[in-house]
Amino acid sequence: MIVAAGQFIVTPDWQRNAESCVALMQEAAQHHASLLVLPEALLARADDDPDLSVKSAQTLEGGFLAVLLAESRRNAMTTVLTIHVPSSAGRAINTLVALRAGEVIAHYEKLHLYDAFSIQESRLVDAGHQLPPLIEVDGLRVGLMTCYDLRFPELALTLALQGAELLALPAAWVRGPLKEHHWSTLIAARALDTTCYVVASGECGNRNIGLSRIVDPLGVTLAGASDQRQVIFAEVNREHVLQVRGKLPVLKNRRFAPPQLL
């Protein structure tokens, strides 16, 4: 099947951002993609207001997702992204949603909050407390992760042990020294840790690096984006996952017990 990762610059206007998502969905559908991964925190962003994503939080029944769900009814594609959903006064939960046929078929509240490199996501965002679900896309089992989750191999391993063959990762990877190197290295590492495909979408702009990637179970980059608006595509198949796992059975060769959520 064909998978895609789309990236763009998120603006302060949620309606404009919804239109950008719809345009990327249409482009991916035209290329017959079965899965499209969009970036993290797509409601609103501003360089001069780091809290705007939380201030702009909407429920899953809000106007932003209504626009995307309407577009989702027009194709057979599964689309994965994250938005901020209100939790309590002035706070929100960074929530991944998977859309298909006009419905939210799965959601996941981000476990690992980005309290690193002088940023404190937990100041206004509440962490989730449950593992993400697996979804199935054209016979391939897909595990769901969000941005900073990439730095924690336990989550990717847990999803692979539960049957994931592809990991979908919306992200807004913040610029900084060596951060592009971290991004590419960690994506390849999680693919090799789990012998899964990884489809990682990164928001681009002044704050974030873009550089969306699709990587195979041996850590080979099948498609990569620049730092501009773009949709990238690659073909993936379950047979390749099984072949790699036959040659590199790291999931079977483990000597440690499966990770546990604290």
Side-chain angles (χ1 to χ4, degrees), residues 1-7 21 24-25 28-29 31-40 42 68-69 72 75-83 94-112 128 130-147 149-150 152-171 186-202 212-223 231-245 251:
M1 71 176 183
I2 303 298
V3 297
Q7 62 182 42
C21 290
L24 294 173
M25 293 169 72
H31 285 78
H32 307 291
S34 296
L35 173 69
L36 169 65
V37 181
L38 295 174
E40 175 191 25
L42 297 182
L68 273 62
L69 290 169
S72 175
N75 59 64
M77 188 170 61
T78 301
T79 302
V80 176
L81 62 136
T82 95
I83 65 170
N94 192 339
T95 304
L96 180 151
V97 291
L99 316 179
R100 185 191 297 158
E103 302 289 340
V104 176
I105 63 167
H107 69 275
Y108 156 62
E109 298 174 349
K110 186 178 180 182
L111 281 172
H112 298 103
Q130 294 184 333
L131 292 170
L134 297 183
I135 61 174
E136 187 169 308
V137 180
D138 285 3
L140 206 66
R141 287 167 288 187
V142 176
L144 306 173
M145 302 169 62
T146 300
C147 200
D149 285 337
L150 185 63
F152 300 88
E154 298 88 351
L155 180 54
L157 177 59
T158 297
L159 292 169
L161 292 174
Q162 291 178 350
E165 297 153 326
L166 182 149
L167 302 174
L169 180 90
L186 288 164
I187 291 172
R190 295 298 80 82
L192 287 165
D193 288 344
T194 62
T195 51
C196 286
Y197 288 101
V198 180
V199 182
S201 174
S212 298
R213 284 179 179 262
I214 302 172
V215 173
D216 86 348
L218 287 174
V220 176
T221 299
L222 302 178
V231 186
I232 57 173
F233 301 91
E235 186 171 351
V236 305
N237 63 79
R238 187 168 185 266
E239 290 72 22
H240 183 55
V241 175
L242 297 178
Q243 290 171 2
V244 169
R245 289 179 176 179
L251 297 178

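Model, not experiment: these values are computed from the prediction. Hydrogens, waters and symmetry mates are skipped; everything else that's a heavy atom, side chains included, is used.
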Look up atom [atom1] in [X] and atom [atom2] in [Y], then write down how far apart they are to the nearest 0.5 Å.
| X | Y | atom1 | atom2 | value |
| --- | --- | --- | --- | --- |
| Asp149 | Glu40 | CG | CD | 9.0 Å |
| Ile214 | Ile2 | CD1 | CD1 | 9.0 Å |
| Leu99 | Leu81 | CG | CG | 5.5 Å |
| Leu38 | Ser201 | CG | OG | 6.0 Å |
| Asn75 | Met25 | CG | CE | 5.5 Å |
| Gln243 | Leu218 | CD | CG | 10.0 Å |

Run the side chain to side chain donor-acceptor pair (under 3.5 Å) test against [X] and tell me which residues pass, sequence neighbours left out.
| X | result |
| --- | --- |
| Thr95 | none |
| Thr82 | Asn94 |
| Thr194 | none |
| Ser212 | Gln7 |

Flag side-chain contact, heavy atom, 4.5 Å: [X] against [Y]:
| X | Y | answer |
| --- | --- | --- |
| Thr79 | Leu35 | no |
| Leu166 | Val199 | yes |
| Leu155 | Met145 | yes |
| Leu150 | Leu169 | yes |
| Tyr197 | Val241 | yes |

Can you see which heavy atom on [X] is nearest to which on [Y], and at what distance?
| X | Y | result |
| --- | --- | --- |
| Gly6 | Leu36 | N-CD1, 3.8 Å |
| Ser34 | Val137 | O-CG1, 3.6 Å |
| Arg141 | Gly163 | NE-O, 3.3 Å |
| Cys196 | Leu167 | CB-CG, 4.1 Å |

(request) Only pairs at least two apart or in different chains count here, so list each salt bridge (Lys or Arg N to Asp or Glu O under 4.0 Å) that has a residue in residues 95-104. (result) none
(message) Test side chain to side chain contact (heavy atoms under 4.5 Å, CB included) on Leu157 and Leu251; report intermediate values, then the result.
(response) CA-CA 8 Å; Leu157 177 59; Leu251 297 178; 3.7 Å; yes
Distance-only donor-acceptor hits, side chain of residues 231-240, under 3.5 Å, sequence neighbours excluded:
residue : atom : partner : partner atom : Å
Asn237  : OD1  : Glu239  : N            : 3.3
Asn237  : OD1  : His240  : N            : 2.7
Arg238  : NE   : Glu165  : OE2          : 2.5
Arg238  : NH2  : Glu165  : OE2          : 3.4
His240  : NE2  : Asp216  : OD2          : 3.3

(request) Please name all residues satisfying side chain to side chain contact (heavy atoms under 4.5 Å, CB included) with Ala106, sequence neighbours left out, ordered by chain then number. (result) Ala98, Pro133, Ile135, Leu144
(message) So, using side chain to side chain contact (heavy atoms under 4.5 Å, CB included) as the criterion, who are the partners of Leu134 when residues are at least two apart?
(response) Leu159, Gln162, Ala164
(request) Output all residues satisfying salt bridge (charged side-chain N to carboxylate O under 4.0 Å, His left out) with Arg190, sequence neighbours left out; order by chain, then residue number. (result) Asp193
Tell me if a side-chain donor or acceptor on [X] pairs with a main-chain N or O of [Y] at a distance below 3.5 Å.
| X | Y | result |
| --- | --- | --- |
| Arg245 | Thr195 | yes |
| Ser72 | Leu68 | no |
| Thr146 | Lys110 | no |

(message) Once ring pair (Phe, Tyr, Trp, His ring centres under 6.0 Å) is applied, do any residues pair with His112, and if so which ones, sequence neighbours excluded?
(response) Phe152
